[in-house]
Every structure is written in structure tokens, then in C-alpha cells.
Amino acid sequence: MGTLRYDFHSAALNCNTTITVTIPDVTCSMRGKSMQEIYDPNRKFPTLYLCHGGGEDSTAWLRYSQIELYAQQMGMMTVSFNSEESFCCDMKHGRKYFTFASEELPLLVQSHFPSSPKREDNFVAGFSMGGHSAMKIALRCPERFAAICSMSGAKDQVKMHRFVKEVLKNGASFELIEDAFGPIDDSLYGTENDLLWLAEQLAASDRPKPRIMLTCGTDDYGYDFAYDFKKHLDKVGLENTFYDYPGCIHDYHYANQAIRRFVTEFLAEK
């Protein structure tokens, strides 16, 4: 697997940022072929965009999981990007991370790397905060992404925020999160950052529907919230698959299992 860090100036963010890219190595599978066949400039790969958890960066998936191994097995590129504590919002006080992730990044990747532009070849996944981000991207841009995997991430953001702040008290960066969303209260419902409302809008439309995979560890503090989101998708009529991970908590040991299932099994069931 080829891996690289790409530093560039983002038009949407109006600052320098970094993505981490992996590209399948075809040399072993094409032994005996000519150099021209091995390094075919017209070859394009399916591409998985990966959203990191809170407090992490574009290197998290490569460092904390075996995604490189799974993507090589399936002949798939991966693209991980920095999103700070933005939950991929066009932040109320900050930068336009949704515009960056959903519009600029695919254009950049498809123009600079051997990434397929076809909808059926583009997917998005994320863990924790990244699970929220991935779901938002997929629900708002279903014409661009064919499948999504949210690992411990897609929830009622208002209820989850209250729980973390008032009950869990785990030291989350609340001020930064509120810079992204604005006040996280009932005024969030029915907006572009409300996953419940986005699911309802997509279900009621004639837009294409991405395949949806949801997962959560049964010992994760957010399990009930994650399963409630699955029930909401059922209620509005968006087909989805939910996988429990018995005994697992909110960490990359579990997320590594989930991303393997998504890449090597779920996406293979086209």
C-alpha cells in the first residue's frame, strides 16, 4: 500500500491543512505485466473517506486501526482529513468544514490522485465525532456517496451533548463544539446539523439513498443513543444495518473490527 501525507492550502477553509492518503499497491498482483500495464494512468480506485474522532487528526485511522490492510485487500484508496472539533459543520464561529469535506476534498482527491469519481465507488465512514460527520456528509450528499458507516457516532446531538456534559463529564471540548454548532439546544432540531431531520428529509425525497451501516459496542456509554438513531432511520424509512459489538467500549479496538466489516464485507455485498 502506498501511503502519503499531502499538505495544501484549502479554498474552503482558507488555511493550510493535511490529508493522509493510501493507494493500493498493484505491483504484486500484476507480476509479469509490463511497466505500462502496472502503472496505467487511467486506472481509478474506489475511495473511502475517513472521519476521525474528537481531538484526533488525519493520521488517527492509520495509527489506531488496520485500515491500510483492509483497503489493500479490497483494492481501495482511503483519504483521511483533519476536521478539528468541528463535527464537519460549517462552523458558527470557525471554518467551513462541511463545505471542505463534502465539496472541495472529493474534487481535490479526484483531480490529484487515481480516485474514481463514480458514486458507486465513493464511501464515507467515521468513529465517534467522525461517525456524526460521516452520517451528515452521506445524508446531505447522497448523489456523491454510495455507502456510509457510522461507528458510535450518529445520534440525537442535543440529547447526547446534554448527557456528556451533565452526566458523563468526560472532559470533552464543549466550547469548541459549541463554536461548531452554535447553542446545542432545541434550536438545533430541524437544521443542517440535525441528523434526525436530515434523515427525514432524505427519506421523503426522490434522491438516491446510500447504504447505511451503523455499529456500536454494547459497553459504549453512547450505545442507547446510537441504537435510538437506528430506530429513527427505521421509522422514517431509510434502510440500514446495525451491528452490536458485545463487550466493546468507545475505542479503536472496537472501531478496527467495525471498519474491517464495513470494508471487507458490507461494501462487498453490492
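Atoms considered below: every heavy atom in the structure, side chains included; atoms not considered: hydrogens, waters and symmetry mates.
- Side chain of Ser34 to main chain of Glu37: a donor-acceptor pair is present (N/O by atom type, distance under 3.5 Å, no hydrogens or angles).
- Checking Tyr49 against Arg144 by side-chain atom types alone, no donor-acceptor pair falls below 3.5 Å.
- Taking OG1 from Thr22 and CD from Glu68, the interatomic distance works out to 6.5 Å, rounded to the nearest 0.5 Å.
- Tyr223 approaches Gly217 most closely through the heavy-atom pair CD1-O, 3.4 Å.
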Legend entry - side chain to side chain contact (heavy atoms under 4.5 Å, CB included) assessment of Cys88 paired with Phe81: CA-CA 11 Å; Cys88 270; Phe81 58 96; 3.8 Å; yes

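- Within the 3.5 Å criterion, the main-chain N or O of Ala180 finds no donor-acceptor partner in the side chain of Ser86.
- Within 6.0 Å of CZ in Phe8 there are more than 12 heavy atoms belonging to other residues, nucleotides or ligands.
- Between Lys209 and Leu202, the shortest heavy-atom distance links the atoms CE-O, 3.0 Å.
- Under the 4.5 Å side-chain heavy-atom criterion for grouping Ile, Leu, Val, Met, Phe, Trp and Tyr, Leu238 is connected to Phe242 within one hydrophobic cluster.
- Using modelled atom types, one finds a donor on one side chain and an acceptor on the other under 3.5 Å when comparing Tyr252 with Glu56.
- Tested against His132 for a ring pair (Phe, Tyr, Trp, His ring centres under 6.0 Å), the candidates Phe181, Phe98, Phe127 yield a single pass: Phe181.
- Annotation: the span from Lys230 atom NZ to Thr241 atom OG1 amounts to 7.5 Å, rounded to 0.5 Å.
- Remark: side-chain polar atoms of Asp90 are paired, donor with acceptor, to backbone N or O of Thr99 under 3.5 angstrom.
- One N or O on the side chain of Asn256 and one on the backbone of Gln66 form a donor-acceptor pair closer than 3.5 Å.
- Checked by atom type and distance alone, the side chain of Lys136 pairs as donor or acceptor with a backbone atom of Phe87 at under 3.5 Å.
- For Tyr97 and Asn82, the side-chain atoms include no donor-acceptor pair closer than 3.5 Å.
- Judged by distance alone, the side chains of Ser80 and His52 never bring a donor and an acceptor atom under 3.5 Å apart.
- Under a 3.5 Å cut-off, the side chain of Trp197 and the backbone N or O of Glu192 do not form any donor-acceptor pair.
- At distances below 3.5 Å, not a single donor-acceptor pair connects side-chain atoms of Thr17 with backbone N or O atoms of Cys15.
- When every heavy atom of Asp156 is checked against every heavy atom of Lys159, the shortest pair comes out as OD1-N, 3.1 Å.
- With a 4.5 Å cut-off on side-chain heavy atoms, Ile212 and Met135 count as touching.
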Inset, instruction - Verify side chain to side chain contact (heavy atoms under 4.5 Å, CB included) between Phe113 and Leu108, making sure each step is shown before the conclusion. - result: CA-CA 8 Å; Phe113 304 100; Leu108 179 142; 4.3 Å; yes

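- If you take CG on Asp194 and OG1 on Thr191, they are separated by 5.5 Å, rounding to the nearest 0.5 Å.
- A salt bridge between Asp186 and Arg162 is present, with a side-chain N of the basic residue lying under 4.0 Å from a carboxylate O of the acidic one.
- Closest of all the heavy-atom pairs between Phe45 and Gly75 is CD2-O, 3.6 Å.
- Side-chain contact check for Ser65 and Tyr70: no donor-acceptor pair (N or O, by modelled atom type) lies under 3.5 Å.
- Looking at heavy atoms from C-beta onward, Glu200 lies out of side-chain contact with Lys235 at the 4.5 angstrom threshold.
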Inset, instruction - Might you work through the side chain to side chain contact (heavy atoms under 4.5 Å, CB included) test for Leu62 and Ile67, ending with a clear yes or no? - result: CA-CA 6 Å; Leu62 227 59; Ile67 184 58; 4.0 Å; yes

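- Considering all non-hydrogen atoms of both residues, Pro24 and Met1 come closest at CA-SD, 3.4 Å.
- Transitive grouping of hydrophobic side chains (ILVMFWY, heavy atoms separated by less than 4.5 Å) keeps Val79 and Met76 in distinct clusters.
- There is a path of hydrophobic side-chain contacts, each under 4.5 Å, that joins Leu198 to Val158.
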Inset, instruction - Take Thr215 and Phe266, measure what side chain to side chain contact (heavy atoms under 4.5 Å, CB included) needs, and give me the verdict at the end. - result: CA-CA 12 Å; Thr215 75; Phe266 190 82; over 6 Å; no

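- Between Lys155 and Gly222, the shortest heavy-atom contact is CE-O, 3.6 Å.
- The distance from the CD1 atom of Ile148 to the CG atom of Leu48 is 10.5 Å, given to the nearest 0.5 Å.
- The closest side-chain donor-acceptor pair between Asp244 and Thr218, if any, does not fall under 3.5 angstrom.
- Annotation: the span from Leu105 atom CG to Ile137 atom CD1 amounts to 8.5 Å, rounded to 0.5 Å.
- Using a 4.5 Å heavy-atom threshold, the side chains of His161 and Leu188 count as separate.
- Looking at Asp251, its side chain does come within 3.5 Å of a backbone N or O of Tyr254 through a donor-acceptor pair.
- Here Arg207 pairs with Glu143 in a salt bridge; the nearest charged N to carboxylate O distance falls below 4.0 Å.
- A centroid separation of less than 6.0 Å is found between the aromatic rings of His112 and Tyr6.
- The distance from the CE atom of Met35 to the CE atom of Met30 is 11.5 Å, given to the nearest 0.5 Å.
- Val21 and Leu107 are assigned to two separate hydrophobic clusters, defined by single-linkage of ILVMFWY side chains at heavy-atom distances under 4.5 Å.
- Of the charged side-chain nitrogens involved, none lies within less than 4.0 Å of a carboxylate oxygen, so that Glu239 and Arg211 do not count as a salt-bridged pair.
- A side-chain donor-acceptor contact under 3.5 Å links Asn122 to the backbone of Lys118.
- Remark: the Asp25 side chain and the Thr27 side chain contain an N/O donor-acceptor pair separated by less than 3.5 Å.
- None of Tyr243, Tyr227, Phe229 except one satisfies the side-chain contact (heavy atoms from CB on, under 4.5 Å) rule with Leu214; the exception is Phe229.
- Side-chain polar atoms of Asn240 and Asp234 form a donor-acceptor pair below 3.5 angstrom.
- A donor-acceptor pair shorter than 3.5 Å can be found between the side chains of Thr18 and Asp7.
- In terms of modelled atom types and a separation under 3.5 Å, the side chain of Ser150 and the main chain of Gly131 share a donor-acceptor contact.
- Taking 4.0 Å as the cut-off between side-chain N and carboxylate O, Lys96 and Glu104 do not count as a salt-bridged pair.
- Val109 and Leu267 fall into different hydrophobic clusters, where Ile, Leu, Val, Met, Phe, Trp and Tyr residues are linked whenever their side-chain heavy atoms come under 4.5 Å apart, directly or through other members.
- For Lys165 and Glu178, the salt-bridge test passes: some basic side-chain N is under 4.0 Å from an acidic carboxylate O.
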